[in-house]
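To find a chain, count down the sequence lines: A is the first, B the second, and so on, and within it residues start at 1.
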2 protein chains.
Amino acid sequence: MQITLKDIARMADVAESTVSRALNNKPGVGEDTKLKIIKIAKKHNYRPNQLARGLAANKTNMIAVILSEMDSPGNIEIVKSLEKAAEKNGYQIILCNTNNQTEKEKSYLTLLESNQVDGAIFIGGKLVEGHLLRASFSPDNNIVLVNRLAEENFFTSVLTDYSQGVYKAVGHLLDQGFENIALVGGEDYNLIEEEKSAGYKAALIDHGYQINEDLIFSIKADRKSGYNVFLEIIEGDIIPDAFISTSELTTIGLVEAIKMGGYFIPDDFAVVGYGDNILTSVIDPPLTVLSEPVDALADYSFDFLLKLINKKMKDQQIKVLTPELIIRESSISKYN
Amino acid sequence: MQITLKDIARMADVAESTVSRALNNKPGVGEDTKLKIIKIAKKHNYRPNQLARGLAANKTNMIAVILSEMDSPGNIEIVKSLEKAAEKNGYQIILCNTNNQTEKEKSYLTLLESNQVDGAIFIGGKLVEGHLLRASFSPDNNIVLVNRLAEENFFTSVLTDYSQGVYKAVGHLLDQGFENIALVGGEDYNLIEEEKSAGYKAALIDHGYQINEDLIFSIKADRKSGYNVFLEIIEGDIIPDAFISTSELTTIGLVEAIKMGGYFIPDDFAVVGYGDNILTSVIDPPLTVLSEPVDALADYSFDFLLKLINKKMKDQQIKVLTPELIIRESSISKYN
DNA sequence: TTGTAAGCGTTATCAT
DNA sequence: ATGATAACGCTTACAA
């Protein structure tokens with residue numbers, strides 16, 4: 001069995017409460033008794049039982065980070081950044097992966113509802129559903145959303161401005177002389193997808209072009225779908241000369257399909273992908289990408305969560321960050 | 001405030017213990033009272049406080065998975081597989097990333113020592129150090145090691161047989177007519193690196209070749225080091241015609257450097273990489289790789305941990321799994 | 001079948 | 001400055 005507060009109290013010949021105060025640096029302990037207690041604790045490698053502590057203090061110093069998708073290096077980057085912020089503030093992170101399954105999300109939500117964590121950050125995922133919305137109604141459930149939208153915007157959230165991102169990408173491709181730009185977005189009917197196509201359309205119109213709905217594709221955000229959509233497209237009536245792909249995995253698949261078909265990037269098709277990370281960086285040729293502000297997403301969301309936990313958040317906060325367009329070979333026209 | 005057992009007991013007009021029994025499907029509750037209680041609990045969306053439950057029962061149904069490296073897709077695959085196993089057995093996973101930092105490992109170890117988790121699985125990382133060894137002495141600390149060695153083998157562990165893996169790779173390359181095979185391994189002086197070079201040497205000798213120590217390289221297991229080691233090698237005296245790279249990230253860097261130098265794979269240099277996953281699959285040309293048995297690693301390690309937790313492990317167990325050589329274009333000689 | 005009560009290891013309140 | 005004690009929400013003998 002582990003050594004407990006009580007044991008230490010006995011050994012130091014003081015009350016448990018004194019030991020607790022001493023070990024937690026709380027006022028009201030004599031300097032010498034404090035030293036004595038600390039020494040004994042160290043000697044016996046004392047570790048406070050966090051369950052008991054959490055139960056008594058109603059605070060665990062743990063937060064849950066709930067990930068919709070673990071195969072996205074961009075998400076992993078956000079997590080790593082969150083880890084740093086958490087460590088700096090004395091919090092530990094529980095990382096949970098839902099694989100976009102609502103059931104798993106519900107199950108992880110109980111971490112919050114059963115007081116195992118002080119708050120939760122949800123990264124990515126589908127439009128917020130009822131269970132999350134209901135949970136958010138309790139002021140005890142501190143929730144921050146990252147890159148995720150809800151019909152009604154009750155949530156403290158940090159968002160990437162996909163609309164702006166796609167707008168930039170379209171502008172760049174038009175500059176390069178590409179005129180038939182296809183948008184490959186996610187299939188989930190949700191507001192984020194709407195944003196993407198809004199940015200796409202706005203950019204085209206602002207530059208004096210027509211919108212062709214047949215060049216907007218909604219597919220599952222995985223590699224295979226990215227691959228298949230290209231096969232489908234080249235069988236179609238309108239063949240684009242450029243692609244904007246708005247998820248990491250579809251980008252991978254799309255590029256694969258293009259190369260497998262014997263076409264060249266950017267000569268036959270220009271490509272703007274998503275996410276500036278190890279996965280997209282391995283692709284040949286070097287890919288122009290919309291780069292997510294991963295560190296800022298992490299910093300803002302952790303900061304918001306901390307404020308929620310400490311009841312320092314007066315009004316609901318929403319922070320919108322703009323992705324950066326990093327231009328590389330895959331979108332540079334040979335005619336330029 | 002959340003609703004508690006006591007509240008439900010009051011509403012149902014029974015004792016708390018009865019509620020506890022009813023909600024935990026324990027014997028000794030009348031069918032009708034049980035139904036009544038469950039109904040009330042459901043109606044009020046009751047969630048047991050897991051801290052209190054863990055404190056009372058000395059069991060949290062959570063395990064920690066402590067990852068040395070989050071950028072390795074292979075490790076992520078193991079985690080995903082562990083998640084499935086955990087879910088099936090009613091456990092929740094706390095995922096922790098140490099980034100190979102001993103300090104972080106120590107800090108996460110307190111999850112075990114402070115009873116927040118029932119056990120821990122350590123994936124990858126350096127040779128086991130004192131803190132882990134000491135922790136393992138307490139029978140309360142249920143620990144399983146995956147792909148990690150200790151000087152003294154006190155740990156329940158699941159291992160990939162890197163020696164066998166490299167042995168296979170060398171044999172294959174020799175078959176293909178490559179005769180100057182370089183081994184690019186990790187820098188950490190630890191037993192795993194020794195195993196790799198042991199497999200390398202054994203294969204060469206068994207096939208009647210000499211060993212050239214200058215063809216064995218020990219570098220940091222990251223992308224940049226993989227890149228740099230190639231630059232260094234082509235400046236050297238002996239130029240190899242094939243590479244075996246034993247980590248995912250060095251493989252990426254190595255291939256990059258080869259291509260950047262204007263060389264072709266496999267014509268100028270054959271390459272056998274490590275890890276059959278999304279990252280290595282994106283590389284052009286398709287890479288011959290040593291494929292880690294990720295699912296088996298996960299299944300065995302979770303199974304072992306469960307046995308440890310339930311005190312069903314009689315003797316210390318060590319399971320060794322052999323990686324598979326998946327042959328693709330990058331190691332096929334044009335002269336064959 | 002059901003209730004009573006002790007106990008898990010802390011923190012926090014109130015005396016002293 | 002220190003101690004005694006209740007409380008956190010649950011589980012589990014033991015009693016009824």
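- Nucleic acid contact class of B:G28 (heavy atoms, under 4.0 Å, all strands): base.
- Per the geometry, CD1 belonging to B:I8 stands 12 Å off C1' belonging to D:dC10, to the nearest Å.
- Between the CG atom of A:D32 and the C1' atom of D:dT2 there is a distance of 12 Å, rounded to whole Å.
- The closest donor-acceptor contact from the side chain of A:S81 to the backbone of A:I78 lies at 3.5 Å or more, if one exists at all.
- If you find the closest nucleotide of DNA chain C to B:A15 and to A:A57, the one lying nearer the 5' end belongs to B:A15.
- For the OP1/OP2 pair of D:dT11 and a distance below 4.0 Å, the side-chain nitrogens and oxygens of B:S20 include at least one atom meeting the criterion.
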Exercise. Go through the steps for A:Q2 and B:N115 under the test side-chain hydrogen bond (donor to acceptor under 3.5 Å, both in side chains), then give the verdict.
Key: CA-CA 9 Å; A:Q2 289 271 2; B:N115 299 308; 5.3 Å; no

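- The 5' end of DNA chain D is approached more closely, in terms of each residue's nearest nucleotide, by A:R21 than by the other of B:A52 and A:R21.
- The interatomic distance linking A:L5 (CG) with C:dT10 (C1') rounds to 6 Å, in whole Å.
- Residue contacts for A:K26: at a heavy-atom cut-off of 4.0 Å it reaches the sugar-phosphate backbone alone, with no base atom in range.
- At least one side-chain heavy atom of B:I309 sits less than 4.5 Å from a side-chain heavy atom of B:K59.
- Taking only side-chain nitrogens and oxygens, B:Y46 comes nearer than 4.0 Å to OP1 or OP2 of D:dC10.
- For a distance-only test at 3.5 Å, the side chain of B:R47 fails to qualify as a donor-acceptor partner of the base of D:dG9.
- Ion pairing of B:K106 with B:E103 is present here, as a side-chain N (NZ or NE/NH1/NH2) and a carboxylate O approach within less than 4.0 Å.
- For D:dA1, the base has no donor-acceptor partner in the side chain of A:T33 [N/O atoms by modelled type, under 3.5 angstrom].
- Atom CZ in A:R53 sits about 11 Å away from atom C1' in C:dG9, given to the nearest Å.
- In this structure, the CG atom of B:N24 is 5 Å from the P atom of D:dT11, given to the nearest Å.
- Distance A:E16 CD to D:dA6 P: 13 Å, rounded to the nearest Å.
- Among the heavy atoms of the strands lying under 4.0 Å from A:D13 are primed sugar atoms or P, OP1, OP2 only; no base atom is included.
- At a threshold of 4.0 angstrom between heavy atoms, the contacts of B:Q50 with the nucleic acid are absent.
- The A:T18 side chain lies nearest to D:dG3 when the options are C:dG9, D:dG3, D:dT11.
- Distance CG (B:L51) to C1' (D:dA7): 15 Å, rounded to an integer number of Å.
- Between D:dT11, C:dT11, D:dG3, one nucleotide has an atom nearer to the side chain of B:A56 than all others, and that is D:dT11.
- Put simply, the side chain of B:S17 and the base of C:dT4 share a donor and an acceptor less than 3.5 Å apart.
- For the residue pair A:N97 and A:K104, no side-chain donor N or O sits within less than 3.5 Å of a side-chain acceptor on the partner.
- Counting to the nearest Å, the P atom of D:dT11 and the CG atom of B:N115 are 17 Å from each other.
- Each of A:L95, A:L67, A:I93 was evaluated against B:L95; a single residue qualifies, A:L95, per the side chain to side chain contact (heavy atoms under 4.5 Å, CB included) test.
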